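Single-structure report; data block below.
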Amino acid sequence: MIKITLPDNSVREYENGVTGIEIAKSISNRLAKDVLSITVNDEVLDLTRPIVEDASINLNTWDSEDGKHAFWHSSAHLMAEAIDSMYPGTKFGIGPTIDLGFYYDVDLPEGKQITEKDLVKIEKKMIELARQKNVFEREDITKEAALTMFTEKGDVYKQELISELEDGTITLYKQGNFTDLCRGPHLPNTSYIKAIKLTSVAGAYWRGDEKNKMLTRIYGVSFPKQKFLEEYKVMMEEAKKRDHRKIGKEMELFTFSQSVGQGLPIWLPKGAMLREQLETFLKKVQKRFGYQQIITPHIGDVQLYKTSGHYQKYGEDSFQTINTPAEGEEFMLKPMNCPHHCEAFRTRPYSYKELPIRYAEFGTVYRYEQSGELHGLTRVRGFTQDDAHIFCRPDQLKEEFKKVIDIIFIIFKALDFKEYTAQISLRDPNNHEKYIGSQENWDKAESAIVEACEEKGLNTITELGEAAFYGPKLDFMIKDALGRKWQLGTIQVDYNLPERFNLEYIGADDKKHRPVMIHRAPFGSMERFCAVLIEHTAGKFPLWLTPEQVVILPISEKYNDYAQNVSNYLNNYDIRAIVDDRNEKIGRKIRDNELKRIPYLLIVGEKEAEEGTVSVRRQGEGDKGTMSKDEFAKFLNDEVREQLSELYN
RNA sequence: GCCGGGGUAGCUCAGGGGUAGAGCGCAUCCUUGGUAAGGAUGAGGUCACGAGUUCAAUUCUCGUCCUCGGCUCCA
């Protein structure tokens, strides 16, 4: 008998060799139906693998990452089986799971091609194969036998993968007529897979290297219940509706022009207003935290980037230098603001008492991105960072980190981002040589970040080896209204640039010391942040931020003057109001302005004009009754104040 | 950059080897209205660009440009 410890710490005894599925059955029939894989002492295994020693286990269902992983991994094999039967001679690359679903890279026989139209046929075949309830059989195999087997099949990709594996660790999984090199784990059989949607087909280089052959990658997602697939489809529809490129066009926030160039956004009046609100907000917050705004040029002498090291590292992949005709000077479009900020710091000597110096700038930078990488506002060639550089003493690092975290929280609160995670990126413990700066400083900086996060009660994950060569960092990821994750703000310690720019301050000992630099951008870039915000809110921005807060709708042209009077009145209270004086009926004006996502509509007619009132309509909620102009202005400003309570505290 | 879908009116899209289509938007006029679409009339297109095949190309072929989905996530 062996002892099995369950997640609730209860211990049960089973025969040696008991399997996950048997344990599940012994607990409940429901669990036996729902369980997809088993975690045994931190290793995820097939439900059919015998357990031969005492162990702590967890039974993974659809609700867990590990459960989904086994499910989608098996689905990838099922797809491969379908493709193998429909396109004999296909060679298979890799077929992993991803955040939402799975893919398989395949090399189709000469002259064969899979397009979107073929996906439905493959789905049907997969369902047919799934219903056969074929068992996933696991087999240990020697490296030699594996190589022979895939050489016979002519599958060069699997051969390459096997040749890199260690003998004794190689396993095969077989279901139906299809056998694949695989580490597992898998579902007990194919019948678990009830609903399948193949989502797209794309080219992908073997091993992501453009020197290699391009394979066909087929993406799909699958579910244990038809209902889940329906929910997934609804979610995808919603995501499509919220696409910032679509909403950006509809709401006239920004546009792209072929004549200006790819990846170079043009901000239209409403989008510019959105950015202006965000910038004003952040500037106010930063002012409170002791930041000073500076302004630097869009280009800089090549030498500046040679000093910073950016030229050596990115020069070839950047926009090329700009030359002056007569004098032969060489400039680069600014890819980073930090070198300029270092020069700003260098203007005079500093006492240790003056630090930290915090220089902030909404600095526009230009970076070359391959044309195929460009995507709406999230991947562009010119963008504005809400950048700042903090020059501080090593002993101030922790305090400064905490202050930046405070700023980020104020932003999250004002914009209603409720779920976030923070990733701490530290050195690779096995390879300290590749990092610049002294051990002592790194140790200090790393513990400063970790402690700052702890003291602020942050939800963190720590990744070793993810630090930049010049310093550790803290990145913030938020979850939007649809549960999608986005990387936003970042805080990075930098030992490199102060060194390269020879930055100094005079310490209490009257000697020169090297300051530490912190790069930080709570939004990341204005472009990307606006894109996330659009998709998070579906274009219904919080009142304080939205470009047009109020539209006044006169019942007929007779009341246009009064409407204008109300508009002027509200504008004096810094409320963004305009009049819709089109020659249309009131129902029409309401509909059009609701669709434009205007938070408040004020209807004014004979009654209102006589009494000096407005009839208030809140977006999505309808008629809210009548108020005086004065009451409404106060009411609206109170709402804004409430949304920005963190800022006014 | 590479692979694969696209590019038809301002927007969303239908069509198809032989006078170019719809809805919305826009303009003019009528209507002056009370909480999600009032009516009439009209303007608007080198069917992305360039070449080729053809009696004839927006449609077929090739090239260019732009755009969309991918190209990191351990077999």
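Proteins get letters first, then strands, A, B, ... in listed order; numbering begins at 1 in each. A quick note: this is a predicted structure, and the numbers were derived from the prediction, not measured.
- Base contact: A:Glu373 has a heavy atom under 4.0 Å from a base atom.
- The base of B:G10 is not paired with the side chain of A:Glu252 by any donor and acceptor separated by under 3.5 Å.
- Among the nucleotides B:G69, B:U32, B:G34, the one closest to the side chain of A:Glu606 is B:G34.
- Within a 6.0 Å sphere centred on NZ of A:Lys540, heavy atoms belonging to other residues, nucleotides or ligands number 12 at most.
- A donor-acceptor contact under 3.5 Å is formed by the side chain of A:Arg591 with the base of B:A37.
- When rounded to the nearest whole Å, the span between NZ of A:Lys68 and C1' of B:C73 equals 17 Å.
- Among A:Arg484, A:Arg245, A:Lys241, the one residue that satisfies the side-chain contact (heavy atoms from CB on, under 4.5 Å) test with A:Glu535 is A:Arg484.
- Contact annotation for A:Arg618: no contact, since no heavy-atom pair falls under 4.0 Å across all strands.
- Remark: P of B:A75 and CG of A:Asp180 are 9 Å apart, rounded to the nearest angstrom.
- Atom P of B:C47 sits at a distance of 14 Å from the matching atom of B:G18, rounded to the whole Å.
- With both ends at atom P, the span from B:G33 to B:G38 equals 15 Å, rounded to whole Å.
- Within the nucleic acid shown, A:Gly622 has no heavy atom closer than 4.0 Å to any nucleic acid atom.
- Using modelled atom types, one finds no donor on one side chain facing an acceptor on the other under 3.5 Å when comparing A:Tyr435 with A:Asp428.
- For A:Ile586 and B:U31, the CD1 to P distance is 20 Å, given to the nearest whole Å.
- Listed candidates were B:U32, B:C71, B:G34. Nearest to the side chain of A:Lys607 is B:G34.
- Nucleic acid contact class of A:Tyr219 (heavy atoms, under 4.0 Å, all strands): sugar-phosphate only.
- Nucleotides B:A22 and B:A40 are separated by 15 Å at their P atoms, to the nearest Å.
- Comparing atom distances between the A:Ile590 side chain and each of B:U35, B:G38, B:G70 picks out B:U35 as nearest.
- A:Lys585 comes within 4.0 angstrom of a nucleotide base, judged by non-hydrogen atoms across all strands.
- Checked against B:G70, B:C73, B:C68, the side chain of A:Ile94 finds its nearest nucleotide in B:C73.
- Between the side chain of A:Arg617 and the base of B:A36, at least one donor-acceptor pair of N or O atoms lies under 3.5 Å.
- B:C49 and B:G45 are spaced 15 Å apart, taking the C1' atom of each and rounding to whole Å.
- In this structure, A:Ile555 CD1 and A:Glu606 CD are separated by 10.5 Å, a value rounded to the nearest 0.5 Å.
- Separation of the C1' atoms belonging to B:C73 and B:U59 is 43 Å when rounded to the nearest angstrom.
- Close to B:G38, at under 4.0 Å from its OP1 or OP2, lies a side-chain N or O of A:Arg588.
- Contact annotation for A:Glu608: base contact, defined as any heavy-atom pair under 4.0 Å involving a base atom.
- Put simply, A:Gln262 has a side-chain N or O that comes within less than 4.0 Å of OP1 or OP2 on B:U67.
- A:Glu160 and A:Trp206 share a side-chain donor-acceptor pair at under 3.5 Å.
- A:His69 places its NE2 atom 7 Å from the P atom of B:A75, with the value rounded to the nearest Å.
- Residue-level contact check: A:Leu181 touches the bases, meaning some heavy atom is under 4.0 Å from a base atom.
- In A:Lys124, the NZ atom is not crowded: 12 or fewer heavy atoms of neighbouring residues, nucleotides or ligands sit closer than 6.0 Å.
- Between A:Leu374 atom CG and B:C2 atom P the separation is 14 Å, expressed in whole Å.
- Glycosidic conformation, B:U32: anti, with the torsion outside 90° of 0.
- No engagement by A:Asp99 is indicated, since no non-hydrogen atom pair under 4.0 Å with the nucleic acid exists.
- Between the C1' atoms of B:G69 and B:U28, the separation comes to 44 Å (whole Å).
- Picking from B:U67, B:U32, B:C73 the nucleotide with the shortest atom distance to the side chain of A:Lys558 gives B:U32.
- On the P atoms, B:G44 is 15 Å away from B:A9, given to the nearest whole Å.
- Base contact: A:Ile603 has a heavy atom under 4.0 Å from a base atom.
- Atom CE in A:Met149 sits roughly 16 Å away from atom P in B:A75 (whole-Å rounding).
- For the pair A:Asp592 CG and B:U35 C1', the interatomic distance rounds to 13 Å; values are reported in whole Å.
- Within 6.0 Å of CG on A:Asn177 lie no more than 12 heavy atoms contributed by other residues, nucleotides or ligands.
- At a threshold of 4.0 angstrom between heavy atoms, the contacts of A:Leu165 include nucleobase atoms, whether or not backbone atoms are also involved.
- Across B:G33, B:C73, B:G70, the shortest atom-to-atom separation from the side chain of A:Ile98 is found for B:C73.
- Base engagement by A:Ser615 is indicated by at least one non-hydrogen atom pair under 4.0 Å involving a base atom.
- A donor-acceptor distance shorter than 3.5 angstrom exists from the side chain of A:Glu631 to the backbone of A:Ser628, with no hydrogens or angles considered.
- Across all strands, A:Tyr103 comes closer than 4.0 Å only to sugar-phosphate atoms, never to a base (heavy-atom distances).
- Taking atom P in both B:A20 and B:U31, one finds a spacing of 38 Å when rounded to whole Å.
- Salt bridge annotation for A:Arg597-A:Glu250: present, with a cationic side-chain nitrogen under 4.0 angstrom from a carboxylate oxygen.
- Remark: A:Glu166 CD is loosely packed, at most 12 non-hydrogen atoms of other residues, nucleotides or ligands lying under 6.0 Å away.
- Side-chain contact annotation: A:Glu466 with A:Gln423, donor-acceptor N/O pair under 3.5 Å absent.
- Among the protein residues, A:Lys249 comes within range of the sugar-phosphate backbone only, with heavy atoms under 4.0 Å from sugar or phosphate atoms but none that close to a base.
- Taking a pair as Watson-Crick or G-U wobble with both distances under 3.5 Å, the runs of three or more consecutive pairs in RNA chain B are B:1-7 with B:65-71, B:10-13 with B:21-24, B:26-30 with B:38-42, B:48-52 with B:60-64.
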